[in-house]
Enquirer: 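Let me begin by handing over the structure; questions about it come next.
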Amino acid sequence: MNTPIRRLSVVIAALFTALLVAATMVQFTQAKTLNAMASNKRTLLDTYSRERGAIIVGGQAIAKSVPVQDQYRFLRTYPQDELYAQMTGFYSYAVGAPYGLEHASDDLLSGDADTLFVRRVTDLITGRKTAGATLELTIDPKAQAAADKALGDNKGAVVALDPKTGAILAMVSHPSYDPNPLSSHDLTKASKAWQTLSNDKDKSYLNRTINGVYPPGSTFKVITAAAALENGVVSDENSSVPGPAELDLPLTSTNLPNEDGRACGPGDKTTLIHALEISCNTAFGSLGLELGGEKIRAQAAKFGFGDALQIPMRVSVSSVPADLNAPQAAQAAIGQYDVRTTPLQMAMVAAGIANQGRVMTPYLIDSVRSPNLDIIESTPDPVELSQATSEQTASTLTKMMVSVVDHGSGARAQIDGVEVAGKTGTAQHDPGKPPHAWFISFAPATDAKIAVAVVVEDGGVTGSEIGGGRVAAPIARQVMEAVLGR
Amino acid sequence: MTTTVEPLTPRTRRGAELLLLILAIGIVLLAWVTTDLNRNGTVPANIIPIAGGFTALVLTVHLVLRWKAAYADPVLLPITTVLNGLGLVMIHRLDLARGKLGTDGDAYRQIIWTTLAVALAVAVLFVLRDHRLLRRYTYVTMAVGFVLLLLPLVPGIGRTINGSQIWISVGPLNFQPGEFAKIALAIFFAGYLVQTRDVLSLAGKKVLGFTFPRGRDLGPILVAWVLALLVLVFQKDLGSALLFFGLFVAMLYVATERVSWIAIGLMLFAAAVAFALSAFTHFQKRVDLWLDPFSPDNLERSNQLANGLWGMASGGLTGTGLGAGRPYLTSFAESDFIFPSLGEELGLFGSVAIIVLYLIFCERGIRTALGVRDGFGKLLAIGLAFSVAFQLFIVVGGVTRVIPLTGLTTPFMSLGGSSLLANWVIMALLLRISDQARRPMPEIPVGVAADEPAPAEVTQVVRLT
């Protein structure tokens with residue numbers, strides 16, 4: 001009987017070999033694939049129970065992971081509730097991290113970024129738990145608080161930049177929401193909060209400063225003026241431009257009127273600076289006709305229109321349509337006809353003019369620190385996005401924008417003892433609704449520390465430039481005052 | 001063949017067993033302490049009684065072996081100790097994760113079962129002085145085996161757990177009688193086949209080089225097949241059916257040396273499986289889960305297999321460390337899925353070590369079968385060794401996706417009294433047979449030899465040479 005026993009032992013050996021091969025397949029060969037599966041709860045728990053890096057503004061955490069006694073080990077909390085909601089986004093066990101820095105900088109915050117590789121290796125050797133990197137933001141908490149307070153119950157957005165570096169100083173979008181319930185470990189509560197948020201008709205989850213796209217209205221006239229100066233259509237702020245009560249548009253039967261129905265100056269003529277002060281539609285419309293769509297579009301592109309920026313969140317692309325015919329170019333020149341922009345883009349326009357025509361690439365993350373606060377990535381050197389205008393043009397535009405605040409529609413942005421440059425805007429978007437109120441500005445005019453763009457949805461008054469000046473300009477003023485210490 | 005190379009006065013090797021035992025106990029206690037350190041950062045308060053109790057238990061078996069079976073195989077007990085101990089550690093670890101401490105814990109129950117299992121094994125060694133005594137009870141064990149096998153079908157005491165009706169409930173106790181049926185049937189098959197092997201192996205027609213049995217000799221295999229089919233259909237337990245039928249076919253082959261029996265057996269079983277697959281959605285679902293455990297539909301239905309695989313994958317090569325993984329996410333982590341649980345925390349190295357321990361266990365069983373001189377002992381030893389190997393293949397193969405998942409326990413490790421008791425009895429029987437195998441020739445007990453003229457053995461000697 002020994003021969004069949006030996007043969008059977010070969011069968012037994014084969015059975016065991018199959019098990020050894022299978023175990024190796026599962027735990028070695030296919031382990032990576034298995035671990036990467038989306039429905040794998042272990043991997044999910046691994047990520048969620050890791051100590052995620054904090055997000056810091058002015059030395060205070062606006063998002064941090066607090067140790068708790070449950071299976072996820074750390075609870076993500078947002079101490080400032082609604083103030084930074086769209087900036088941070090949220091980190092939810094129930095729905096993931098779809099928005100904000102939690103989404104855009106996930107690899108840094110979770111510790112999975114390539115720059116943290118060396119650290120992960122030492123963690124593995126020393127048995128230390130891998131933790132995520134801490135992000136320090138460029139936000140000035142005073143500016144953020146002022147912007148939040150000034151915008152109040154209005155729907156809209158405020159964004160402030162340091163014109164010299166592109167650092168984002170304030171970023172407020174209203175309405176906002178509280179990210180804390182979404183990151184709750186009570187999954188029912190979190191899912192419910194998510195239901196409410198994702199069905200919000202005001203889209204409070206939307207970061208309007210970078211993902212809200214609006215017609216820029218009259219604030220766009222600054223770009224038209226820049227194009228006119230750069231292309232030699234006018235020589236300086238005192239150049240004479242046409243300013244009739246109505247501009248006859250070629251190819252169409254419609255005309256482009258001024259809001260008040262009056263001419264902008266005696267003899268249907270005015271100066272460029274006065275045209276900007278009173279936001280003269282016919283003057284900029286005729287400049288648009290003279291320049292043509294492509295030159296306006298090219299000038300806008302130099303300010304950043306058409307660029308897909310990441311700060312590191314994705315910024316919606318601002319655009320001036322291509323292939324504009326003459327009447328469309330006239331419309332675009334005053335910020336109508338499908339010209340679309342984000343508030344950040346208009347802040348970049350103001351900042352570019354303030355910075356001698358040089359537009360700096362905007363950024364939100366000042367430095368990245370390891371969990372024990374070693375700097376991993378220090379403050380980035382400012383990166384120039386483009387030279388949008390010559391220094392000469394920029395200084396002419398500054399003079400004109402100062403005049404808008406001192407003598408024109410932007411009077412409410414005046415600050416005692418500080419020269420403020422600005423431009424109002426009122427953008428029609430829906431015939432049944434009031435227009436959006438805009439204001440872009442920077443201060444001090446000669447050595448700017450801050451550039452601000454404000455948009456208040458439905459905040460204007462139809463048929464008048466008053467909206468931008470009355471609603472949006474005071475908001476910009478309060479933010480500038482906060483930064484300038486007034 | 002083997003007998004000729006054995007030394008004239010073989011050593012008992014009990015000293016080697018003691019050394020291996022100390023090593024085994026050390027491994028288990030280290031694992032236990034590591035678990036608590038990883039979970040709570042402290043050495044468990046009750047480590048002294050646990051360590052003392054566990055050591056006392058296995059050393060008792062060791063001493064009984066010195067006294068009652070001095071020539072028994074020295075490796076079986078240490079391996080059983082490690083496997084049982086690691087199972088306990090994992091059950092304790094899952095208790096910690098679920099906050100079931102002290103007498104509420106599964107580990108507490110398992111420790112009691114281990115004690116009972118050791119007591120039963122010792123009793124077997126005491127009562128059964130010679131394994132050949134079991135041959136007297138060939139048909140008694142047959143009856144016992146059949147009854148145990150079919151007991152879960154009796155209305156009132158049979159219970160369906162996890163889709164298979166392989167449990168019985170008597171009062172507060174749940175029992176899987178199939179575990180004991182396995183032993184009873186192995187004894188019956190051995191006794192029966194030793195008597196009938198000549199008829200089954202010699203008579204028949206030759207077709208295409210294979211000698212096929214006569215029609216009337218097909219009786220036994222058909223009976224076994226029908227029995228397996230009953231288990232399959234009424235208990236919905238593919239694992240048990242496969243185990244019993246596989247055991248029978250393997251022992252039939254060893255007894256007759258005829259490959260045709262294996263061919264017939266495979267065909268019969270394939271037919272049964274094909275029938276079950278077409279007739280019962282229960283099996284179709286299992287196969288479906290086996291083929292694609294990660295599809296959203298299947299995850300919705302049962303994420304158990306996927307969870308076990310993810311657990312093992314998360315352990316990778318070196319494992320998360322005992323107490324540091326998440327085996328509790330898998331349902332039945334302490335019973336059917338104890339192997340993935342250990343694989344998660346001990347890594348591929350641990351999984352391979354555990355599989356190899358089983359392999360050595362079975363190899364010692366095979367060695368015993370080769371060494372023992374009587375045909376009944378050979379058949380019983382290989383039967384028991386094969387049943388452990390095959391059961392491990394069915395359950396571990398199920399959780400690693402070699403075959404569809406079926407509900408069987410992992411020998412010595414899974415939570416559950418019936419499985420522990422039955423497997424310790426298997427080990428005790430193998431120890432007893434191996435004692436006979438390695439004991440020097442002259443010492444054949446007179447009493448046994450007298451009522452055992454055993455014509456089978458005579459034939460056997462002829463065959464061996």
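In what follows, chains carry the letters A, B, and so on, assigned in the order in which the sequence lines appear, proteins first and then strands, with residues in each chain numbered from 1.
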Enquirer: Which atom pair, heavy atoms only, marks the closest approach of B/F393 to A/A18?
Expert: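 Residues B/F393 and A/A18, closest heavy atoms: CE1-CB, 4.0 Å.
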Enquirer: So for B/L392, is it side chain, backbone, both, or neither that comes closer than 4.5 Å to the heavy atoms of chain A?
Expert: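 Both parts, backbone and side chain.
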Enquirer: Is it the side chain or the backbone of B/V402 that comes within 4.5 Å of chain A heavy atoms, both, or neither?
Expert: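 Looking at B/V402, just its side chain touches chain A.
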Enquirer: Nearest 0.5 Å, what's the CZ-CE distance between B/F294 and A/M37?
Expert: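 Going from the CZ atom of B/F294 to the CE atom of A/M37 covers 4.0 Å.
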Enquirer: Given that the side chain runs from C-beta out, which part of B/N303 has a heavy atom under 4.5 Å from chain A: side chain, backbone, both or neither?
Expert: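 Looking at B/N303, nothing touches chain A.
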Enquirer: Let me know if B/L348 has heavy atoms under 4.5 Å from chain A in its side chain, its backbone, both or neither.
Expert: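 Backbone plus side chain of B/L348, per the 4.5 Å heavy-atom cut-off to chain A.
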Enquirer: Determine the minimum heavy-atom distance between A/S9 and B/I366, stating which atoms define it.
Expert: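 Taking A/S9 first and B/I366 second, the nearest heavy atoms are CB-CD1, 3.4 Å.
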Enquirer: Please check if the number of heavy atoms outside A/Q310 that lie under 6.0 Å from its CD is greater than 12.
Expert: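 Enclosed: over 12 neighbouring heavy atoms sit under 6.0 Å from CD of A/Q310.
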Enquirer: Does A/R314, at its CZ atom, have more than 12 non-hydrogen atoms belonging to other residues, nucleotides or ligands within less than 6.0 Å?
Expert: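 Atom CZ in A/R314 is not packed in, count stays at 12 or less.
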Enquirer: Do B/E363 and A/I12 make a side-chain contact, defined as non-hydrogen atoms from C-beta onward lying under 4.5 Å apart?
Expert: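 In short, these two side chains do not touch, never coming nearer than 4.5 Å.
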Enquirer: Give the minimum heavy-atom separation between A/A23 and B/S351, together with the two atoms involved.
Expert: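 Taking every non-hydrogen atom into account, CB-CB, 4.4 Å.
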Enquirer: Among side-chain atoms of A/R42 and B/T330, is any donor-acceptor pair under 3.5 angstrom?
Expert: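 The answer is yes; a qualifying pair exists.
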Enquirer: Name the member of B/L299, B/V356, B/N307, B/I262 that forms the most heavy-atom pairs with chain A at distances under 4.5 Å.
Expert: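 Among the listed options, the one with the most contacts to chain A is B/N307.
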Enquirer: With respect to chain A, which residue among B/A250, B/G343, B/A385, B/G397 yields the maximal number of heavy-atom pairs within a distance under 4.5 Å?
Expert: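 Among B/A250, B/G343, B/A385, B/G397, the one with the most close pairs to chain A is B/G343.
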Enquirer: Which heavy-atom pair separates B/M312 from A/Q27 by the least distance, and what is that distance?
Expert: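 Minimum heavy-atom separation between B/M312 and A/Q27: O-NE2, 3.0 Å.
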Enquirer: Got a second to check how far A/T3's OG1 is from B/L370's CG, nearest 0.5 Å?
Expert: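 Reported to 0.5 Å precision, the distance equals 9.5 Å.
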Enquirer: Within a radius of less than 6.0 Å around NE2 of A/H103, do more than 12 heavy atoms belonging to other residues, nucleotides or ligands occur?
Expert: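 No - once you tally the heavy atoms of other residues, nucleotides and ligands closer than 6.0 Å, there are 12 at most.
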Enquirer: For the candidates B/L309, B/V352, B/V254, which exhibits the highest count of non-hydrogen atom pairs separated by less than 4.5 Å from chain A?
Expert: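 Ranked by heavy-atom pairs under 4.5 Å with chain A, first place is B/V254.
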Enquirer: State the CD1-CE distance between A/I5 and B/M251, to the nearest 0.5 angstrom.
Expert: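 Interatomic distance, A/I5 CD1 to B/M251 CE, rounded to 0.5 Å: 10.0 Å.
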Enquirer: Should we say atom CZ of A/F28 is surrounded by more than 12 heavy atoms from elsewhere, each under 6.0 Å from it?
Expert: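 Count not over threshold, so no.
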Enquirer: With respect to chain B, which residue among A/V26, A/L19, A/L8 yields the maximal number of heavy-atom pairs within a distance under 4.5 Å?
Expert: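 Of A/V26, A/L19, A/L8, A/L19 has the most heavy-atom pairs under 4.5 Å with chain B.
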Enquirer: Say you draw a straight line from CD1 of B/I355 to CG of A/L20; how long is it, rounded to the nearest 0.5 Å?
Expert: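 Taking CD1 in B/I355 and CG in A/L20, the distance rounds to 4.5 Å.
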Enquirer: I need the A/L15 CG to B/I403 CD1 distance, nearest 0.5 Å.
Expert: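 A/L15 atom CG to B/I403 atom CD1 measures 9.5 Å (nearest 0.5 Å).
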Enquirer: Test your reading of the model: is there a side-chain donor-acceptor pair from B/E257 to the backbone of A/P4, 3.5 Å cut-off?
Expert: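 Pair absent, no side-chain N/O of B/E257 close to backbone of A/P4.
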